[in-house]
Amino acid sequence: MSLEKFIDEQIKKAIGDGDFVNLPGSGEPIDLRAYFETPEDLRMCYSILKSSNFIPEEVELFKTIDDLTAERNACLDEEQKARLSKTINETRLGLRLLLERRR
């Protein structure tokens, strides 16, 4: 059996089983603006990373810093605030080192 025939059969089976009914975004236009705004030589790479839910380490560190800062700002215990401040500073240092390494 050829690969094309196998794929066609799998699609027909999925349609018959109702696997394509009520999918998220069904009937809505596809927003390709970000895709076409991305430089042509990077589109495929970015598309693969995005579909894999890949988040760069530096983005995760920025989010961690924001979360820790919000937690520190809401905290009433001074000792806990001091620990959070120390963690924030260590995370910022790690972020700076990471960004410097990637230059």
Original post:
Is the count of non-hydrogen atoms from other residues, nucleotides or ligands lying under 6.0 Å from Q10 atom CD greater than 12?
Top reply: yes
Who passes salt bridge (Lys or Arg N to Asp or Glu O under 4.0 Å) against [X], sequence neighbours left out?
| X | result |
| --- | --- |
| R102 | E57, E58 |
| E100 | R103 |
| K63 | D67 |

**OP:** Sorted by first residue and then second, give each salt bridge (Lys or Arg N to Asp or Glu O under 4.0 Å) pair with at least one member in residues 42-54; sequence neighbours left out.
**Re:** none
Using residues 15-34 as the side-chain source, report each donor-acceptor pair under 3.5 Å to any protein atom, sequence neighbours left out, with the distance given to one decimal.
residue : atom : partner : partner atom : Å
D17     : OD2  : K13     : NZ           : 3.2
D31     : OD1  : R33     : N            : 3.1

Original post:
At what distance, to the nearest 0.5 angstrom, does CZ of F6 lie from CG of D8?
Top reply: 11.0 Å
List the atom pairs, donor and acceptor, that lie under 3.5 Å between side-chain atoms in residues 85-94 and the rest of the protein, sequence neighbours left out.
residue : atom : partner : partner atom : Å
S85     : OG   : R72     : NH1          : 3.3
S85     : OG   : K81     : O            : 3.0
T87     : OG1  : R83     : O            : 3.0
N89     : ND2  : S85     : O            : 3.3
T91     : OG1  : T87     : O            : 2.7

Subject >> Single-linkage hydrophobic cluster I55~I65, side-chain heavy atoms < 4.5 angstrom >> reply: no
Subject >> hydrophobic_cluster_shared for L98 and L68, side chain cutoff 4.5 Å >> reply: yes
